[in-house]
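Right, one structure below, let's go through it.
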Amino acid sequence: MKSGRPDAPPAHDAIRATIAAIPCGRVAAYGEIARRAGLPGRARLVGTVLREAPPALSLPWHRVLRADGRLAFPPGSRAFREQVRRLAGEGVLVRAGRVDLSLHGWERDVDRLLWGPAVPGDRTSARAKTGKRHRATAVRVMNATGRED
DNA sequence: GCCCTGACGTGAA
DNA sequence: ATTCACGCCAGGG
């Protein structure tokens, strides 16, 4: 029995569902999406799926970045600018072609970021020591969280 | 089936 | 911070 569409590989479905689940104001790497979709190591497949995905699905493709936080498109290209635009619309700032994953990364739990114990090697906690930056970060996160649509 | 390509990831130089 | 080389594997020719 085919569940729904015979021409829709389960892997593709899982990937699309995972991408659709990325909350507004957050971003995730290709590799992370593959992992969450139960397909560890298939980062490239995520790219393929996105490329083939019909616009009608309205997947939040702009929330998908490379592992280092940089956009996957060539800087200055049409898609690149569009992605920056969309991200900005959600309060996600792109600087030098990259997004700060410690700030907007999906993998990082927001509550732990604000209230939890400092994680060794976490740049965010290090910056928090300066004080000022910490408050600005908290405000930004709360704004992003409170906004639903 | 072989070969090339790619919206990737990682580690080394 | 940058560049390079590989590893990876699904698609398409």
Side-chain angles (χ1 to χ4, degrees), chain A residues 1-110 112-113 116-134 136-137 140-141 144-145 147-149:
Chain A
M1 285 251 317
K2 287 84 177 187
S3 52
R5 307 140 61 135
D7 58 326
H12 288 212
D13 259 353
I15 289 173
R16 282 195 279 261
T18 304
I19 293 173
I22 306 174
C24 178
R26 312 251 190 110
V27 298
Y30 292 87
E32 187 195 338
I33 291 175
R35 242 182 321 105
R36 289 203 185 217
L39 302 163
R42 309 297 181 279
R44 301 193 91 142
L45 183 56
V46 174
T48 302
V49 170
L50 271 178
R51 201 167 119 52
E52 302 294 320
L57 290 181
S58 300
L59 289 179
W61 59 271
H62 56 284
R63 297 176 190 150
V64 185
L65 321 168
R66 285 193 169 175
D68 59 4
R70 307 218 291 186
L71 311 204
F73 299 106
S77 67
R78 183 79 189 330
F80 182 95
R81 291 194 306 267
E82 177 61 18
Q83 187 166 20
V84 172
R85 221 174 83 87
R86 289 194 179 214
L87 286 172
E90 300 182 355
V92 178
L93 273 286
V94 181
R95 202 169 57 149
R98 85 195 314 179
V99 170
D100 190 337
L101 294 181
S102 69
L103 221 56
H104 302 100
W106 188 19
E107 189 149 42
R108 224 169 205 68
D109 187 83
V110 183
R112 193 179 336 176
L113 177 65
V119 179
D122 191 326
R123 313 166 102 280
T124 305
S125 59
R127 227 183 294 121
K129 288 179 183 171
T130 65
K132 301 163 89 175
R133 192 61 106 181
H134 182 241
T137 299
R140 177 167 293 289
V141 170
T145 305
R147 188 176 281 263
E148 268 303 284
D149 43 2

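Residue numbering restarts at 1 for every chain, and letters A, B, ... go by the order of the sequence lines.
- At whole-Å resolution of the value, CG in L39(A) and P in dG9(B) are 14 Å apart.
- Between R44(A) and dG6(B), a side-chain N or O to OP1/OP2 separation shorter than 4.0 Å is absent.
- In this structure a side-chain-to-backbone donor-acceptor pair under 3.5 Å is missing from E90(A) to C24(A).
- Counting any heavy atom pair closer than 4.0 Å across all strands shown, G31(A) reaches sugar-phosphate atoms only and no base atom.
- A heavy-atom distance below 4.5 Å is not found between the side chains of L71(A) and R98(A).
- Side-chain atoms of H12(A) and E52(A) include no donor-acceptor pair closer than 3.5 Å.
- Side-chain proximity of R66(A) to dC8(B), dG11(C), dA7(B): nearest is dC8(B).
- A 4.5 Å side-chain heavy-atom check between Y30(A) and L50(A) finds at least one atom pair inside the cut-off.
- When each of dT2(C), dG11(C), dG6(B) is scored by its nearest atom to the side-chain atoms of R70(A), the top-ranked nucleotide is dT2(C).
- Taking atom CZ of residue R51(A) and atom C1' of nucleotide dG12(C), one finds them 11 Å apart after rounding to whole Å.
- Listed here is the closest heavy atom pair of G25(A) and V92(A): O-CG2, 3.5 Å.
- Among dT10(B), dA7(B), dA10(C), the nucleotide with an atom closest to any side-chain atom of F73(A) is dA7(B).
- For A72(A), taking side-chain heavy atoms from C-beta onward, the closest of the listed nucleotides dA7(B), dA10(C), dG9(B) is dA7(B).
- Rounded to whole Å, atom P of dT10(B) lies 9 Å from atom CZ of R35(A).
- For the pair R98(A) CZ and dT2(C) C1', the computed distance is 11 Å after rounding to whole Å.
- Among the heavy atoms of the strands, none lies under 4.0 Å from H62(A).
- Rounded to an integer number of Å, the gap from CD of E52(A) to C1' of dA7(B) is 11 Å.
- Following rounding to the nearest Å, L45(A) (CG) and dC8(B) (P) show an atom-to-atom distance of 12 Å.
- The side chain of A43(A) approaches dG9(B) more closely than any other nucleotide in the set dG9(B), dA10(C), dA1(C).
- Residue R42(A) has its side chain nearest to dA10(C) when only dA7(B), dC8(B), dA10(C) are considered.
- We find that CD1 of I19(A) is positioned 14 Å from P of dA7(B), with the value rounded to whole Å.
- dA10(C) atom C1' lies 7 Å from atom NE2 of H12(A), rounded to whole Å.
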